[in-house]
Structure formats: C-alpha cells, structure tokens
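Okay, so here's the structure we're looking at.
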Amino acid sequence: MARPGAGGALLRRLRVLAQLPPAARGAPPLGLRGPATAAAASASYGTSITSAKIKVNGVPLHYKQTGQGDHVVLLLPGMLGSSQSDFGPQLKSMNKQLFTIVAWDPRGYGHSIPPARDFPPDFFERDARDAVDLMQALKFKNFSMLGWSDGGITALIAAAKYPTLIHKLVVWGANAIVTQEDLKLYNGNICQHLLPLIKCPTFIIHGGKDPLVPQFHAEYLHKHIKESQLFLMPEGKHNLHLRFAEEFNRLVEDFLR
C-alpha cells in the first residue's frame, strides 16, 4: 500500500521483490505437486480445502475452495500475497454451511507462477478482470468479494466495473488515492473515479494502528461509496484479519448474511 511520505519507495521496493525467486523473499515453495486442473477440484468440498488451477485469460490461475453454502465469496490477497499466506483463518474458520469460499492467487503470485509478476500501468484493472473471469470460469454467476490491501483495490475496481456480478463487498487496508510522493506512479488516482459506480453493499474495515494505510483512506472510501458502512478496529493493524481473525470473521459473516 502507499505509505504517506514513503509510498513510492515502498511500491518500488515491492515491485523489485516480486521479481526475486521464492527463497530470496521467504515465500513458500511454488507450484503444485502433480497435475491439477479444475476437474480435479470438482469433488465434494464440505469442510475440506481443495486446490486447483484453471486457465483464465491465457494464464493458469491457482485457487483454493472450501464450503458448500449458497453465498459464494472470493478472497483477494495483498501485494506479493497468496491464498495460502493471506487467508488461512478465513479458509479454515468461516461458516462453510452458509458460504462457498474461493481464495485465489493473482497471476505472478503464489502458485500462479509462471508467469512472473509484472506491473503494467493497468495491473489493478487486469487483476480485477482476471478475478471476475476466474469466478465465471468456475460457474459462479454472482459472488461477494473480500479484498485486503492491494486485493481491496482490485475488489473496488471489480465492483465498479462489473456491478451485475458482485453481490457484496468487504475491503480493508485499501486506498483509492495516493499521496504527493506517489503522483509519478498513479497521477494521484488509483480508482478514485470508480468509487461512485460501486452499487453493491460495501463494508469498509480499518485498523486504528495500521502503519501503512492511514485512517483518512478508509474515511475517503466511506464518503464516496454510497451507503457504505465503516467499522474501526482500534487495535487492528494492516493484517487485522489475521491478528483478530475471530472478530474479523464474525463481522464479515454478519455483513454478508
């Protein structure tokens, strides 16, 4: 995320990290053991967590799936994150009778390598298109989205551009604008212009001790997304869904019901 006073440097550093081999950045080994296809994941899910890959927009995308509920939810990880690293407590503990939960690895992240991750000017829009097309390929016509950090930005863009597909939206650690130092990267606008187009019920959660995304970003989203809800978690940091997983899951489930 863009850090005030250091956002450009942070983003550039993370972009360099994205090009490093997994061992150099402490990531788990990449790739699946043996061939995996969407057909291999078509078995009964129940409470188990299954993994598979499916080709979307020319790229084999990895995802995890669990639960058997009618309400389908897509989890979108942060920069350099993956379904495995970013959403363990949600995949394990969210209500699997009410929800079918899908967590994906965007292209160039986690098990969706190759290809190597790159950052063209429209990479957020590309991720949004990939995410929506993944869910369509899995035959989920409508679904809700939970987006963390950069995944939150992707979710905001998807909700604005594909309004008929997105049922509800939850974001935390996300921002729609950037600070003065980041103007060269984004011209000050990540997805600011799209916020008025978001029509689905939206829940914004913010950690009061988030060192990367100041509270004014959450307040900005709340102000510009019609009828959105804002919840402040005073002790939460950027990874509040991991540190306070039980409270986070309860809040999200109550909103999604």
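All values below come from the heavy atoms of this structure, side chains included, with hydrogens, waters and symmetry mates left out.
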- Task: Name all residues meeting the ring-ring contact (aromatic ring centres under 6.0 Å, His included) criterion together with Phe203; count only those two or more places apart in sequence or in a different chain, and write none if there are none.
- Result: Phe255

- Message: Do Ile225 and Ile177 land in one hydrophobic cluster if side-chain heavy atoms of ILVMFWY residues count as linked below 4.5 Å?
- Response: yes

- Note on the structure: Residues passing the salt bridge (charged side-chain N to carboxylate O under 4.0 Å, His left out) test with Asp130, sequence neighbours excluded, are Arg107

- Side-chain donor/acceptor of Lys226 to backbone N/O of Lys223, under 3.5 Å: no

- Query: For residues 134-143, which residue pairs qualify under side-chain hydrogen bond (donor to acceptor under 3.5 Å, both in side chains), counting only residues two or more places apart or in two chains?
  - Reply: none

- Message: Any heavy-atom pair between the side chains of Leu75 and Asp86 that's under 4.5 Å?
- Response: no

- Task: State which residues pass side-chain hydrogen bond (donor to acceptor under 3.5 Å, both in side chains) with Gln215; sequence neighbours excluded, sorted by chain then number.
- Result: Glu219

- side-chain contact (heavy atoms from CB on, under 4.5 Å) involving Gln97 - partner list, sequence neighbours excluded: Gln68, Asn95

- Query: Judged by modelled atom types alone, do His193 and Asn189 share a side-chain donor-acceptor pair under 3.5 Å?
  - Reply: yes

- From the list Thr100, Thr50, Val102, Ile49, side-chain contact (heavy atoms from CB on, under 4.5 Å) with Thr66 holds only for Ile49

- Task: Return yes if a side-chain donor-acceptor contact under 3.5 Å exists between His238 and Ser149, otherwise no.
- Result: yes

- Message: Applying ring-ring contact (aromatic ring centres under 6.0 Å, His included), can you list everything that pairs with His71, at least two apart in sequence or on another chain?
- Response: Phe99, His167

- Sequence neighbours left out, what pairs pass side-chain hydrogen bond (donor to acceptor under 3.5 Å, both in side chains) with at least one residue falling in residues 247-257? Gln90-Asn249

- Note on the structure: Those residues at least two apart in sequence (or on a different chain) that pass side-chain hydrogen bond (donor to acceptor under 3.5 Å, both in side chains) with Lys55 are none

- Among all residues two or more places apart in sequence or in another chain, which pass the side-chain hydrogen bond (donor to acceptor under 3.5 Å, both in side chains) test with Ser83? Asp105

- Residues forming a ring-ring contact (aromatic ring centres under 6.0 Å, His included) with Tyr162, sequence neighbours excluded: none

- Message: What I'd like to find out is whether the side chain of Cys200 reaches to under 4.5 Å of the side chain of Thr202, using heavy atoms alone.
- Response: yes

- Message: Looking at Arg126 and Asp133, is any side-chain nitrogen of the basic one under 4.0 Å from a carboxylate oxygen of the acidic one?
- Response: no

- Query: Would you say the side chains of Ser112 and His62 form a donor-acceptor pair under 3.5 Å?
  - Reply: no

- Item | Results of ring-ring contact (aromatic ring centres under 6.0 Å, His included) for Tyr220 - residues two or more places apart only | His224

- Hey, would you say the Phe119 and Phe123 ring centroids sit under 6.0 Å apart? yes

- Keeping to residues at least two apart or across chains, list the ring pair (Phe, Tyr, Trp, His ring centres under 6.0 Å) pairs with something in residues 73-93. Phe87-His241

